[in-house]
Undergrad: 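Structure provided below as structure tokens; questions to follow.
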Amino acid sequence: MVAEIISVGTEILLGDILNTNAQYIAKKLAHIGIDVYYQTVVGDNYDRLKAALNIAFDRAEIVVLTGGLGPTKDDLTKELVADYFGQKLVFNQKVYDNVEKRGFEFGLKEISESIKKQAYVPEDAVIVHNEWGTAPGMILAKDGKAAVLLPGPPTEMKPLFNECCDIFLNKLSGKVFVSMNIRLKGPGEAPGSEIGEAPVADKIAAFLDYKNPTVATYAKPDGCIIRVTAAASDREEALELIAPVISGLTDILAPVMKEVYES
């Protein structure tokens, strides 16, 4: 399965806030064995968001969207996705009860029509109720395509996405990804040793051609990291694939190794 992430919000596009949602979602999808080839950031504009959605579904089976589920006129994600799947929006009493409860907790004196808008959801969507905010998560699926809609605030997005994984996304992948990392000593910690990314890559060149597990090097300010990632049917099988590779790398890099840890 291939997924694409669309982050909706002009504030992200302009760099006013850091897009930590996409990072979190991409890592979670990788761990459950769903590939992500593209990430898109689009502002709160109907035409541009519609174009981004169409492009995403041309090259992915799953599109995860964050943001654009709020009460204002420029919150358009839900409406656009419902239209893509040919669904009308219907009032959901349970969602409204939560919107009302949260609204009063946030200090509202009444629930306006714009806030009530969040209680209208695509008629056939799976609703993931939001215990941390007002807008719910939603899952729509049809003809081999699926969309996961999540609110933008990370404190709401993360637990809702985790629940979407449990009830839907985990079932779409027949494999898991497990990564083990070797952190090498940083500058000044291993005098006389070549510990930069390029020298390290030269030393372990044969390992970099592996397909499963894959081996990759990453330059970090405090020292190079080598990441070994295996795809398998379960965690135990993945660790069995990784173990001999870690052993082989250790034989070569033992003098400059600092730690081995799982990510």
Side-chain angles (χ1 to χ4, degrees), residues 3-22 24-26 36 38-96 98-100 102-103 106 108 111-130 132-143 145-158 160-161 164 168:
E4 181 158 340
I5 302 167
I6 299 180
S7 304
V8 182
T10 301
E11 68 279 10
I12 303 173
L13 192 64
L14 297 179
D16 292 335
I17 63 172
L18 186 64
N19 188 9
T20 59
N21 283 347
Y24 183 86
I25 293 168
V36 175
Y38 298 95
Q39 297 181 14
T40 301
V41 177
V42 60
D44 300 298
N45 177 278
Y46 184 92
D47 291 334
R48 289 191 284 274
L49 178 54
K50 183 177 180 180
L53 186 65
N54 288 332
I55 291 170
F57 273 124
D58 280 343
R59 58 195 183 191
E61 291 85 19
I62 307 161
V63 179
V64 181
L65 302 100
T66 64
L69 301 181
T72 63
K73 288 184 178 180
D74 62 357
D75 288 314
L76 304 166
T77 302
K78 176 176 59 182
E79 289 78 6
L80 259 169
V81 174
D83 184 61
Y84 181 91
F85 282 88
Q87 296 190 20
K88 63 182 179 180
L89 298 179
V90 297
F91 181 77
N92 185 297
Q93 185 64 49
K94 187 175 180 179
V95 174
Y96 177 75
N98 183 66
V99 169
E100 185 178 58
R102 298 295 171 190
F106 295 155
L108 298 177
I111 304 301
S112 65
E113 286 300 313
S114 61
I115 295 175
K116 186 178 178 180
K117 166 190 171 186
Q118 294 171 99
Y120 284 85
V121 299
E123 56 185 333
D124 295 329
V126 175
I127 305 303
V128 185
H129 291 280
N130 188 349
W132 302 267
T134 51
M138 290 161 271
I139 302 169
L140 295 87
K142 182 181 179 181
D143 299 331
K145 300 289 187 179
V148 177
L149 283 65
L150 301 163
T155 53
E156 301 175 36
M157 186 283 297
K158 290 180 180 180
L160 288 178
F161 182 65
C164 288
F168 181 69

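Just so it is clear, the structure is predicted and the values come from calculations on it, not from any experiment.
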Undergrad: Which is it for D124 and F85 under the side chain to side chain contact (heavy atoms under 4.5 Å, CB included) test, yes or no, and what are the steps along the way?
TA: CA-CA 10 Å; D124 295 329; F85 282 88; over 6 Å; no
Undergrad: Using modelled atom types and a 3.5 Å cut-off, is there a donor and acceptor pairing between side-chain atoms of N21 and backbone atoms of G152?
TA: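 Checked: pair present.
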Undergrad: Rounded to the nearest 0.5 Å, what separation is found between the CD1 atom of I25 and the CD1 atom of I5?
TA: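 Here the interatomic distance stands at 5.5 Å.
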Undergrad: Would the number of heavy atoms belonging to other residues, nucleotides or ligands and lying under 6.0 Å from CZ of R59 be above 12?
TA: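 For R59, atom CZ is crowded (more than 12 foreign heavy atoms under 6.0 Å).
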Undergrad: Between D75 (side chain) and T72 (backbone), is there a donor-acceptor pair under 3.5 Å?
TA: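 Yes, D75 side chain to T72 backbone: donor-acceptor pair under 3.5 Å.
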Undergrad: So which heavy atom on V81 is nearest to which on A147, and how close?
TA: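 Distance-wise, the nearest heavy atoms are CG1-CB, 3.8 Å.
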Undergrad: Please tell me if the side chains of T66 and F161 come closer than 4.5 Å, counting only heavy atoms from C-beta onward.
TA: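 A side-chain contact is absent here, since even the closest heavy-atom pair is not under 4.5 Å.
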Undergrad: Pick out which of E123, K145, Q87 makes a side chain to side chain contact (heavy atoms under 4.5 Å, CB included) with L140.
TA: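 For L140, the side chain to side chain contact (heavy atoms under 4.5 Å, CB included) check succeeds only for Q87.
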Undergrad: Is it the case that more than 12 heavy atoms not belonging to K50 sit under 6.0 Å from its NZ atom?
TA: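 Check fails, neighbour count at 12 or below.
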Undergrad: Distance from N98 atom CG to N92 atom CG, nearest 0.5 Å?
TA: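 If I round to the nearest 0.5 Å, the distance is 10.0 Å.
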Undergrad: If you define the side chain from C-beta out and look only at heavy atoms, does anything of L76 sit under 4.5 Å from Y46?
TA: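 L76 reaches Y46 side chain to side chain.
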Undergrad: Please lay out, stage by stage, how K116 and F91 fare under the test side chain to side chain contact (heavy atoms under 4.5 Å, CB included).
TA: CA-CA 9 Å; K116 186 178 178 180; F91 181 77; 3.7 Å; yes
Undergrad: Find the distance between CD1 (I17) and CD1 (I12) and round it off to the nearest 0.5 Å.
TA: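 So the gap between those two atoms works out to 4.5 Å.
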Undergrad: If you round to the nearest 0.5 Å, how far is NZ of K78 from CE of M138?
TA: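 Interatomic distance, M138 CE to K78 NZ, rounded to 0.5 Å: 5.5 Å.
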Undergrad: Would you say the side chain of L53 lies within less than 4.5 Å of the side chain of Y84, judging by non-hydrogen atoms?
TA: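 Side-chain contact under 4.5 Å: yes.
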Undergrad: Which heavy-atom pair separates A56 from I6 by the least distance, and what is that distance?
TA: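 Residues A56 and I6, closest heavy atoms: CB-CD1, 3.9 Å.
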Undergrad: Show the nearest heavy-atom pair for residues V99 and Q118, with the distance to one decimal.
TA: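 Answer, listing the atom of V99 first, then Q118: CG2-CB, 4.1 Å.
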Undergrad: So, for V121 and P136, which heavy atoms are closest and what is the spacing to 0.1 Å?
TA: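 Looks like CG1-CG, 4.2 Å.
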Undergrad: We want to know whether N19 and S7 form a side-chain donor-acceptor pair, criterion being a heavy-atom distance below 3.5 angstrom.
TA: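 A pair is found: one side chain offers a donor N or O, the other an acceptor, under 3.5 Å apart.
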Undergrad: So, for G43 and V8, which heavy atoms are closest and what is the spacing to 0.1 Å?
TA: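 Smallest interatomic distance, heavy atoms only, reads O-CG1, 4.3 Å.
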Undergrad: Side chain of N130, backbone of L160: donor and acceptor closer than 3.5 Å?
TA: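 No; judged by distance alone, with no hydrogens or angles, the pair does not exist.
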Undergrad: Output the distance between atom CD (E156) and atom OG1 (T134), rounded to the nearest 0.5 Å.
TA: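 Spacing of CD (E156) from OG1 (T134) equals 6.0 Å.
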Undergrad: Tell me the closest heavy-atom pair linking M157 and Y24, and the distance in Å.
TA: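 Heavy-atom minimum between the residues: CE-CD2, 3.9 Å.
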Undergrad: Looking at D44, is its backbone amide N or carbonyl O close enough to the side chain of T10 to form a donor-acceptor pair, meaning the two atoms are under 3.5 Å apart?
TA: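 Checked: pair present.
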Undergrad: For L69, is there any backbone N or O sitting under 3.5 Å from a side-chain donor or acceptor partner on T77?
TA: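 Not at all, since once roles are kept as given, no pair shorter than 3.5 Å links the two residues.
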